[in-house]
Amino acid sequence: MAEKKNRIGASWEDLALPEEYPEPCVDRDGAQDAQAAGQEDPKDRAMKRSTKLLEMLRAAENRWDREKTGAPETGTKDQITEALKTNMQIQLNDQKQEFNKRPTKAVPRSLSRSISQTSTDSFTSVCSESSEELSPPDKLQSTSKGLSDFCIKNIRKADFGRKEIEIAQQEMPALMILRKNAGGEKPLNGAKVAGCTHITAQTAVLIETLAALGAQCRWAACNIFSTQNAVAAALAEGGISVFAWKGESEDDFWWCIDRCVAADSWQPDLILDDGGDLTHWIYKKYPNLFKNIKGIVEESVTGIYRLYQLSKANKLCVPAMNVNDSVTKQKFDTLYCCKESILDGLKRTTDIMFGGKQVVVCGYGEVGKGCCAALKGLGAIIYVTEVDPICALQACMNGLRVITLHEMIKHADIIISCTGNKSVITREHFDQMKNGCIVCNMGHSNTEIDLSSLRTEELKWQRVRPHVDHILWPDGKRVVLLAEGRLLNLSCSTVPSFVLSVTATTQALALIELYNAPQGRYKQDIYLLPKKMDEYVANLHLPMFDAHLTELTDEQAVYLNINKHGPFKPNYYRY
């Protein structure tokens, strides 16, 4: 048993070259045919090659040993010649790969070393940008039509981004129908829309739909990791002033929003926000712009919190549409989008197997429900933390265990925050986590994880993959943090186009409503979309499933006391 352990732990210099190689697999019939034709048996040829290769490797090994020890050359002339050839090839390869440093011990150069290094170089070239490349604000770029009012990573990627947008269009039928039906009327003709959302292929379809309906758009990203650079290039090439790239710094983030607003040369009529950052920036820097703004459309729970805070402080000076709490957002995008994308984000970053893993999901709102359903379907053991007794009861009746994070923190394999709150996962929790625990966030903002407490001298951060950090404790424990606590699915993977079509269509209709509403219809308050508009958005997506609605008879409509064409549910109905 000891011999096996030593053998497994042996280093390269301890492993002698084999005396002979295994026989290669050959076609017996082919060998017989070759012999019948007077040709050399393929097996014999293979063995001769193997023997020759073995001699070359041994000669090269002797050569390295002599260079290290200074011993005189021995062996036949042919062996020495072959060794010189082999050594020269390896040296040339080493110079090309910059591996020409001598090892500390006289060992044969391993082929696997070159392969693994090449793989690493390829991975680095694909997944990271050159440190010598100019940052986007320092570049002078322009489109084929001469537009230079944008700031992105690389305008030359526009053709690839256009293909990504075209793929997304196939799964976003409602927006395409909206373009076709309303394109001639141009309901947003003359509107100036300032937007701050994730810049992905799906939101690009929305932005270009707004442009097709007559709006002039300027756009920035609401997340420093979620921008798809090629899509941003395609938008710029299409005439949209877009300011975003993947991997922005915090300063870059606010600089891009400021350029998007362009207060010195542009006056927005409408704001489309995801998280409230654009609205916050205008209030902070350019409050006078609100004199001409007809309304705000907000789609995230974080942004809605901010709007309600402004409303309570009597600082909300324009109408706002709460898209986040509309049925089409909550019951489709928030639920089904997270259900399908949480697994994608975790798989791409960690390659983890979910079966049997103990997962804690913090928050059982629509996001938490989607995450739990997906993970439970793959055999994970799910625990839920909640403050709301109604949501907690829903979790219990769905077969989930409701606990506090402190109860489970030492045993969890994966912890996912889905609350929209702040400091849900603190340093105290991190200190109690077991080695290898994965921590990520599915809420809009990274405030749910207390990152500042982790940036101390005693803890070391190690970037092992794009958006994957290992945080190392002094005792050797490591915790895996994904996307620096930012939104996992849009930072580390992609999201389903079809379900985003639902939300994007709702956003477009909200903008049309605010822009065309007669004066006085909406006051300086926060509104939900009319139920009829939610039903219209759902109706636009049903043809994708070849779904056929049942129509009420006049008698049935009278019995229910509703219009036979809708709305079919009162505003207080919760679906």
Sidechain-backbone polar pair: Trp461 side chain, Leu454 backbone, donor-acceptor under 3.5 Å
yes

Any side-chain heavy-atom pair from Val231 and Arg162 closer than 4.5 angstrom?
no

Run Thr334 and Lys339 through side-chain contact (heavy atoms from CB on, under 4.5 Å) and show every step you take.
CA-CA 8 Å; Thr334 309; Lys339 182 179 179 180; over 6 Å; no

Side-chain heavy atoms of Asp413 within contact of Ile438, under 4.5 Å:
no

Which heavy atom of Val301 sits nearest a heavy atom of Gly420, and at what distance?
CG1-CA, 4.5 Å

Taken to the nearest 0.5 Å, the spacing of Asn288 CG from Gln267 CD works out to 9.0 Å

Can you tell me if Glu185 uses its side chain to pair, donor with acceptor, with the backbone of Pro187 under 3.5 Å?
no

Taking all non-hydrogen atoms of both residues, which atom of Cys222 and which atom of His444 are closest, and how far apart?
SG-CE1, 3.8 Å

Run the ring pair (Phe, Tyr, Trp, His ring centres under 6.0 Å) test against Tyr305 and tell me which residues pass, sequence neighbours left out.
none

With rounding to the nearest 0.5 angstrom, report the CG to CZ distance, Leu482 to Arg486.
14.0 Å

Between Ser326 and Val323 (side chain of the first, backbone of the second, donor and acceptor by atom type, cut-off under 3.5 Å), is there such a pair?
yes

Go through Tyr527 and Tyr522 one step at a time and tell me if the ring-ring contact (aromatic ring centres under 6.0 Å, His included) criterion holds.
CA-CA 8 Å; Tyr527 295 86; Tyr522 296 106; 5.0 Å; yes

More than 12 foreign heavy atoms under 6.0 Å from NZ of Lys347: is that the case here?
yes

Testing the basics here: between Leu206 and Ala508, what is the closest heavy-atom pair and its distance to 0.1 Å?
CD1-CB, 4.0 Å

For Lys153, is there an ion pair with Glu248 - N to carboxylate O distance below 4.0 angstrom?
no

Look at the side chain of Asp273 and the backbone N and O of Gly275, then say whether any donor-acceptor pair between them is shorter than 3.5 Å.
no

Can you tell me if Ser423 uses its side chain to pair, donor with acceptor, with the backbone of Thr426 under 3.5 Å?
no

Expected output: side-chain Ser142 to main-chain Gly146 donor-acceptor under 3.5 Å
no

With a cut-off of 6.0 Å (strictly less than), are more than 12 heavy atoms of other residues, nucleotides or ligands near CZ of Arg574?
no

Measure the spacing between NZ of Lys357 and CD1 of Ile352 and express it to the nearest 0.5 Å.
4.5 Å

Ile165 and Glu208, any side-chain heavy atoms less than 4.5 Å apart
yes

Pick out which of Val537, Leu514, Leu540 makes a side chain to side chain contact (heavy atoms under 4.5 Å, CB included) with Leu509.
Val537

All heavy atoms of Leu235 vs all of Ala204, minimum pair found to be CD2-CB, 3.9 Å

Asp159/Lys163 salt bridge by N-O under 4.0 Å criterion:
no

In this structure, SG of Cys371 is separated from CG of Leu346 (nearest 0.5 Å) by 8.5 Å

Using the salt bridge (Lys or Arg N to Asp or Glu O under 4.0 Å) criterion, which residues pair with Asp149? Sequence neighbours excluded.
Arg218, Arg259

Is the closest side-chain donor-acceptor distance between Asn189 and Tyr515 under 3.5 Å?
no

Does the side chain of Thr143 come under 3.5 Å of the side chain of Glu237 through a donor N or O and an acceptor N or O?
no

Verify whether the ring centers belonging to Phe332 and His541 lie closer than 6.0 Å.
no

For the ring pair Tyr283 and Phe290, is the centre-to-centre distance below 6.0 Å?
yes

With heavy-atom distances below 4.5 Å as the criterion, would you say the side chains of Asn322 and Leu307 are in contact?
no

Could you tell me which non-hydrogen atom of Gly365 sits nearest to which non-hydrogen atom of Glu386, and how far apart they are?
N-OE2, 4.0 Å

Can Asn229 and Thr227 be counted as having a side-chain donor-acceptor contact under 3.5 angstrom?
no

Side-chain donor or acceptor of Asn516 paired with backbone N/O of Ile512 under 3.5 Å
yes

Verify the distance criterion only: is there a donor paired with an acceptor across the side chains of Thr197 and Trp219 at less than 3.5 Å?
yes

Decide if atom NZ of Lys139 counts as having more than 12 heavy atoms of other residues, nucleotides or ligands within a radius under 6.0 Å.
yes

Could you tell me whether the side chains of Asp534 and Thr328 share a donor-acceptor contact shorter than 3.5 Å?
yes

If I take atom CG from residue Leu529 and atom CE from residue Met321, how far apart are they, to the nearest 0.5 angstrom?
5.0 Å

I'd like to know if the side chain of Gln228 pairs up with that of Thr200 as donor and acceptor (distance under 3.5 Å, no hydrogens or angles considered).
no

Taking NZ, NE, NH1 and NH2 as the nitrogens, is one of them in Asp469 or Arg463 under 4.0 Å from a carboxylate oxygen of the other?
yes

Verify the distance criterion only: is there a donor paired with an acceptor across the side chains of Tyr364 and Gln394 at less than 3.5 Å?
no

Can you find a pair of side-chain heavy atoms, one from Phe150 and one from Ile155, that are under 4.5 Å apart?
yes

Answer yes or no: is there a donor N or O on one side and an acceptor on the other, between the side chain of Asp258 and the main chain of Trp255, under 3.5 Å?
no

Check each of Asn441, Val384, Thr385, Val367 against Cys418 using the side chain to side chain contact (heavy atoms under 4.5 Å, CB included) test, and report the only one that passes.
Val367

Could you tell me if the side chain of Tyr383 sits less than 4.5 Å from the side chain of Leu400, heavy atoms only?
no

Could you check if a side-chain atom of Val424 sits within less than 4.5 angstrom of a side-chain atom of His429, using non-hydrogen atoms only?
no

I need the Leu500 CG to Gln507 CD distance, nearest 0.5 Å.
9.0 Å

Under a 4.0 Å N-O cut-off, is there an ion pair linking Lys331 with Glu366?
yes

Within a radius of less than 6.0 Å around CE of Met544, do more than 12 heavy atoms belonging to other residues, nucleotides or ligands occur?
yes

Can a side-chain donor-acceptor contact be found between Ser341 and Asp344 if the only test is distance below 3.5 angstrom?
no

Can a donor-acceptor pair be found, under 3.5 Å and without considering hydrogens, that links the side chain of Asn223 to the backbone of Phe225?
yes

Could you check whether any side-chain N or O of Gln141 sits under 3.5 Å from a backbone N or O of Ile152, counting only pairs where one atom can act as donor and the other as acceptor?
yes

Would you say the side-chain atoms of His198 and Ser226 include a donor-acceptor pair closer than 3.5 Å?
yes

Would you say Val360 and Ile414 make side-chain contact, with heavy atoms under 4.5 Å?
no

Is there any salt bridge (Lys or Arg N to Asp or Glu O under 4.0 Å) pair reaching into residues 285-311, and which pairs are they, with sequence neighbours excluded?
Asp277-Arg306

If you count every heavy atom of other residues, nucleotides or ligands that lies below 6.0 Å from Lys246 atom NZ, does the total exceed 12?
yes

Per side chain to side chain contact (heavy atoms under 4.5 Å, CB included), Val297 is matched among Asp274, Thr506, Leu511 by Leu511

For Asn154 and Ala233, which heavy atoms make the closest approach, and how far apart are they?
O-CB, 3.3 Å

